[in-house]
There are 2 protein chains.
Amino acid sequence: MGARASHYQNLTDLPQGKSRDIYIELQKAILSHSLLPGVKLSEDEVGELFGASRTIVRTALQALAHSQLVTIEKNRGAFIAQPSVKEAQEVFEARELIEPRVAGMAAKIITPKDIEILQNHIKAEHDAIAAGDKGEALSLSGFFHVIIADIAEHDVFSKIVRSLISRSSLIIALYWKRLDTTCESHSHHALLDAFAENDVQAAEKIMKSHIVDLHSGLDLKSRSQSKQSLATILNK
Amino acid sequence: MGARASHYQNLTDLPQGKSRDIYIELQKAILSHSLLPGVKLSEDEVGELFGASRTIVRTALQALAHSQLVTIEKNRGAFIAQPSVKEAQEVFEARELIEPRVAGMAAKIITPKDIEILQNHIKAEHDAIAAGDKGEALSLSGFFHVIIADIAEHDVFSKIVRSLISRSSLIIALYWKRLDTTCESHSHHALLDAFAENDVQAAEKIMKSHIVDLHSGLDLKSRSQSKQSLATILNK
DNA sequence: CAATTCTATATTGTATACAATCTTTAATCA
DNA sequence: TGATTAAAGATTGTATACAATATAGAATTG
């Protein structure tokens with residue numbers, strides 16, 4: 001649990017403070033699909049919810065915009081980003097190039113403790129699925145990839161991977177067609193086996209096919225959409 | 001000329017306005033090594049220079065911080081970033097993975113007009129070297145890679161490449177040891193030949209070895225300068 | 001004289017007031 | 001009625017005043 005929270009935190013380079021808190025909270029809501037693409041984030045409303053002035057809120061929203069989780073339209077405001085079909089393709093193409101390499105690097109230097117963390121993470125995924133908490137399960141399965149990037153101890157790749165995975169979450173919200181998410185867990189298990197044996201090549205290969213598989217789970221013709229009030233969504 | 005300006009502009013997702021102008025100007029100064037790593041960017045000073053309020057300046061500085069060209073320290077201010085040795089290694093490792101792929105993609109779809117643009121760019125590089133304008137030459141040789149990313153028409157990779165090249169400029173300012181920069185031009189020429197023949201594999205290979213070569217031009221033991229204050233630069 | 005504490009100054013952090021712009025609603029005209 | 005225009009309201013953009021913090025210099029102490 002503590003591990004998960006820290007992964008959220010490390011996603012921004014904002015200095016500590018209220019802006020950072022707001023960034024993290026909003027991000028959490030976006031990655032768990034509580035906030036869906038297209039939803040407007042009004043400065044007053046967000047400020048009201050978090051007890052912060054607009055100055056602070058704007059800092060957080062601009063940071064989210066830099067992370068491409070939010071789009072800011074001049075004189076119109078901030079909205080949860082809606083990645084285009086082309087962007088969706090590109091994000092997964094990038095993941096197909098970068099993440100196998102990262103997985104290979106992780107396999108090289110992974111420790112038993114790291115493996116335990118990943119095992120616990122997979123368990124948490126299973127629990128979320130069992131509990132029917134789809135948003136949480138999805139969020140966790142994304143963070144699985146982030147943990148691997150952290151294990152690889154390569155800050156540059158790690159940051160890129162985090163960004164790509166965040167954007168993947170939005171892409172999945174818009175274009176995911178498969179209803180069975182359980183198939184993913186299989187890949188994660190297989191990856192763990194490769195890690196346990198420090199098998200670099202196997203890790204690369206499994207990660208590659210895993211991402212190709214995720215990519216193929218997208219329906220890049222239709223997109224889904226819905227609108228809700230921000231206050232309702234954040235339970236505040 | 002116009003092409004070069006547009007490449008600066010496309011480096012940020014800031015909305016049009018004064019913040020964007022400041023971002024672009026500061027970035028230009030950083031990439032041409034007019035502003036060196038460690039230099040402080042005081043909000044008042046920058047605001048004075050550009051005739052803008054601190055609100056606007058802060059937006060620009062925060063954007064630069066997110067691009068990792070600037071580091072913001074709480075209650076201390078913004079400084080031109082000073083990449084560590086580890087970060088320098090990682091940036092070039094990332095470039096070695098990503099840029100060859102991008103060069104291959106560009107080779108596949110490049111047009112005669114694109115090739116002409118690249119040729120003109122190389123000529124501008126030569127002119128800058130001939131004129132002894134080292135900063136300009138360096139900046140241009142970086143943008144050569146950005147243009148290739150644009151030709152590949154892959155926004156996600158393009159953005160990553162832009163970021164890596166910006167950071168490379170800081171890294172070169174801190175760790176470059178070679179005194180002859182002319183050798184680079186050769187690689188750029190060779191790349192152009194591969195592009196002209198739409199030779200994907202050759203483009204990948206040349207780009208890879210070009211970046212490995214750049215990487216080997218770094219002295220990752222000693223850094224050329226540590227913190228420079230604005231006072232030092234102004235001889236006060 | 002060196003080291004330390006204290007004070008004054010300068011700089012950044014935040015809230016807020018006002019301006020500019022967009023959005024919605026009401027009114028007008030064909 | 002339907003479309004167009006005009007006014008009112010709401011929202012974002014920007015400047016600025018004040019608060020919090022860090023920095024530099026002076027005073028103090030051993």
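Computed from a prediction, not measured in an experiment: that's the story for all the values here. Every chain is numbered from 1 and lettered A, B, ... according to where its sequence line falls, protein lines coming before strand lines.
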A/Gln82 vs A/Leu170 side-chain heavy atoms within contact, under 4.5 Å: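 Side-chain contact under 4.5 Å: no.
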CA sep, side-chain torsions, deciding dist, call: A/His66, B/Leu14, side chain to side chain contact (heavy atoms under 4.5 Å, CB included): CA-CA 9 Å; A/His66 288 137; B/Leu14 240 42; 3.9 Å; yes
Rounded to the Å, how far apart are [X] [atom1] and [N] [atom2]?
| X | N | atom1 | atom2 | answer |
| --- | --- | --- | --- | --- |
| A/Ile22 | C/dT14 | CD1 | C1' | 12 Å |
| A/Ile56 | C/dT16 | CD1 | P | 11 Å |
| B/Arg54 | C/dA15 | CZ | P | 14 Å |
| B/Asp44 | C/dG13 | CG | C1' | 13 Å |
| B/Lys18 | C/dA20 | NZ | P | 13 Å |
| B/Glu48 | C/dA10 | CD | P | 15 Å |
| B/Glu43 | D/dT14 | CD | C1' | 15 Å |

B/Lys40 side chain near C/dA10 phosphate (N/O to OP1/OP2, under 4.0 Å):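 Looking at the OP1 and OP2 atoms of C/dA10, neither is under 4.0 Å from any side-chain N or O of B/Lys40.
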N or O in side chain of A/Arg58 less than 4.0 angstrom from D/dG13 OP1/OP2: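 Affirmative; the distance criterion is met.
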Note: B/Arg162-B/Asp155 ion pair, threshold 4.0 Å (strictly below):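 No, no charged N to carboxylate O under 4.0 Å.
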Side-chain donor-acceptor pair present, A/Arg58, B/Thr59, cut-off under 3.5 Å: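 B/Thr59 and A/Arg58 do not have a side-chain donor-acceptor pair below 3.5 Å.
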CA sep, side-chain torsions, deciding dist, call: A/Leu214, A/Trp176, side chain to side chain contact (heavy atoms under 4.5 Å, CB included): CA-CA 9 Å; A/Leu214 286 175; A/Trp176 190 250; 4.2 Å; yes
B/Ser139 side-chain N/O to B/Ser32 backbone N/O, donor-acceptor pair under 3.5 Å: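 Flag not set: sc B/Ser139 to bb B/Ser32 has no pair under 3.5 Å.
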Of B/Thr55 and B/Leu41, the one whose closest DNA chain C nucleotide lies more 5':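 It is B/Leu41, whose closest nucleotide lies nearer the 5' terminus.
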Proximity to DNA chain C (any heavy atom under 4.0 Å), residues of residues 72-79 of chain A only: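 Contacts with DNA chain C under 4.0 Å: A/Asn75, A/Arg76.
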Criterion ring pair (Phe, Tyr, Trp, His ring centres under 6.0 Å) on A/His210 and A/His215, from CA distance to verdict: CA-CA 9 Å; A/His210 174 45; A/His215 193 164; over 10 Å; no
Nearest-nucleotide pick for B/Ser53, side chain only, options being D/dT14, C/dT12, C/dA15: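 The closest nucleotide is D/dT14.
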